[in-house]
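A note on names: the letters A, B, ... follow the listed sequences, proteins ahead of strands, and every chain is numbered from 1.
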Protein chains: 2
Amino acid sequence: MRPLFHPALEDLKPEAILYALSDPERVAIFAQIAGVGSSGTCTALANLGGRVIPKSSLSQHMKVLREAGLIRGERQGVEMRNHSRCQEVDQRFPGLIAAILSAYGRPPAATSAG
Amino acid sequence: MRPLFHPALEDLKPEAILYALSDPERVAIFAQIAGVGSSGTCTALANLGGRVIPKSSLSQHMKVLREAGLIRGERQGVEMRNHSRCQEVDQRFPGLIAAILSAYGRPPAATSAG
DNA sequence: TCAACAGTTCCGAATTTCTGAACTACGGAA
DNA sequence: TTCCGTAGTTCAGAAATTCGGAACTGTTGA
């Protein structure tokens, strides 16, 4: 397992963020992580929208979110803790995350871009 | 050639909008249409970013933008006039278009979501 | 009717996405 | 150390999507 890649703030690309959030399943995952604030483990995220996401698919989703710069994942023992990078992203692209979550009917959490 | 489909305001889906604008080429097309205000014909849009977009690809791009509800196309004689639906989209998802265009470094035009 | 033009549709190739199976990484028990 | 269970990643083949040249549709003008 190679170390997880997280883009630097100046390397964030709007197209990657929009693409990552153009899938409602990923939006649900992201909103959950951003809402909870942290500690969104993969297993905890596997059945958000009434269907169980296969873990290989979930892993791919996490990778897309991570490489878009939306979340940060760090290994903590056996599991992976994921937390949002909303504040960072908001520095770089003010209002973007909030507008997107709001369009999806998911009011951004206080801990994130709000 | 079947008549062009344009979604009603209440049928706009954030995922379609984000997907449509997750491609820099489409963003360039959309920004051009939104900036000019109208009369963005396909041939006028074919070489925005230093490369000539094949017309079949361009037609697909226009379809994606149209079906996301971002532009409206109407036949005017031989050619097709495209104009943005920014104001409508902004009613439905306030601030979304502005935040996205701003993230791409394309300040939204006064005629659109500003 | 014919030609030219603007854009769409068709279709095969290339790319991407999905997901079960195999695998890696870590922690605990013996 | 070795073995086992858990969490998540990577692999690989099938399915779906995207790209773009060629053919086509629809319009204008001669």
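- Pairing each heavy atom of A:Asp23 with each of A:His61, the nearest pair is OD2-CE1, 3.6 Å.
- The interatomic distance linking B:Ile33 (CD1) with C:dG7 (P) rounds to 11 Å, in whole Å.
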Anything under 3.5 Å between a protein N or O and an N or O of nucleotides 13-17 of chain C, put it in a table, one pair a line.
residue : atom : partner : partner atom : Å
C:dT17  : OP1  : A:Tyr19 : OH           : 2.0

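- Nearest nucleotide to the side chain of B:Thr43, out of C:dT19, C:dG7, D:dG8: C:dG7.
- Between A:Arg72 and A:Glu74 there is no salt bridge, since no side-chain N of the basic residue sits under 4.0 Å from a carboxylate O of the acidic one.
- Considering all non-hydrogen atoms of both residues, A:Arg66 and A:Pro7 come closest at O-CD, 3.4 Å.
- Taking only side-chain atoms of B:Val78, from C-beta outward, the nucleotide of C:dG7, D:dG8, C:dA6 with the closest atom is C:dA6.
- The interatomic distance linking A:Leu4 (CG) with D:dT10 (C1') rounds to 13 Å, in whole Å.
- DNA chain C lies under 4.0 Å from at least one heavy atom of each of the following residues of residues 52-59 of chain A: A:Pro54, A:Ser56, A:Ser57.
- Between A:Gln76 and A:Gln60, the residue whose closest nucleotide on DNA chain C is further toward the 5' end is A:Gln60.
- Taking only side-chain nitrogens and oxygens, B:Arg66 comes nearer than 4.0 Å to OP1 or OP2 of C:dT8.
- Closest non-hydrogen pair, B:Phe30 versus B:Leu70, comes out as CE1-O, 3.4 Å.
- Residues B:Met62 and B:Val78 are members of separate hydrophobic clusters, defined by side-chain heavy-atom contacts under 4.5 angstrom among Ile, Leu, Val, Met, Phe, Trp and Tyr.
- Regarding A:Arg75, its CZ atom lies at a distance of 11 Å from the P atom of D:dA7, rounded to whole Å.
- Scored by the salt bridge (Lys or Arg N to Asp or Glu O under 4.0 Å) test, B:Glu67 finds no partners at all (sequence neighbours excluded).
- Closest to the side chain of B:Arg51, out of C:dG7, C:dC18, D:dG20, is D:dG20.
- DNA chain C is contacted by both B:Glu79 and A:Asp23; B:Glu79 maps to the nucleotide lying nearer its 5′ end (nearest heavy atom per residue).
- The overall bend of the helix from C:dT1-D:dA30 to C:dA30-D:dT1, read as the angle between its terminal helix axes built from five base pairs each, is 10° when rounded to 10 degrees.
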Sequence neighbours left out, cut at 3.5 Å: what donor-acceptor pairs do the side chains of residues 12-20 of chain A make with other protein atoms?
none

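- Between the NZ atom of B:Lys63 and the P atom of C:dT9 there is a distance of 6 Å, rounded to whole Å.
- Here the side chains of B:Leu58 and B:Thr43 are not in contact, with every heavy-atom distance at 4.5 Å or above.
- Nucleotide C:dT8 holds its P atom 16 Å from the CZ atom of B:Phe5, rounded to whole Å.
- For B:Arg81, no side-chain nitrogen or oxygen approaches OP1 or OP2 of C:dG7 to under 4.0 Å.
- Here D:dG20 presents its C1' atom at 17 Å from CE of B:Met62, a figure rounded to the nearest Å.
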Listed pairs under 3.5 Å, donor-acceptor, residues 44-57 of chain B side chains, sequence neighbours left out:
residue : atom : partner : partner atom : Å
B:Arg51 : NE   : B:Glu25 : OE2          : 2.8
B:Arg51 : NH2  : B:Glu25 : OE1          : 3.1
B:Arg51 : NH2  : B:Glu25 : OE2          : 3.3

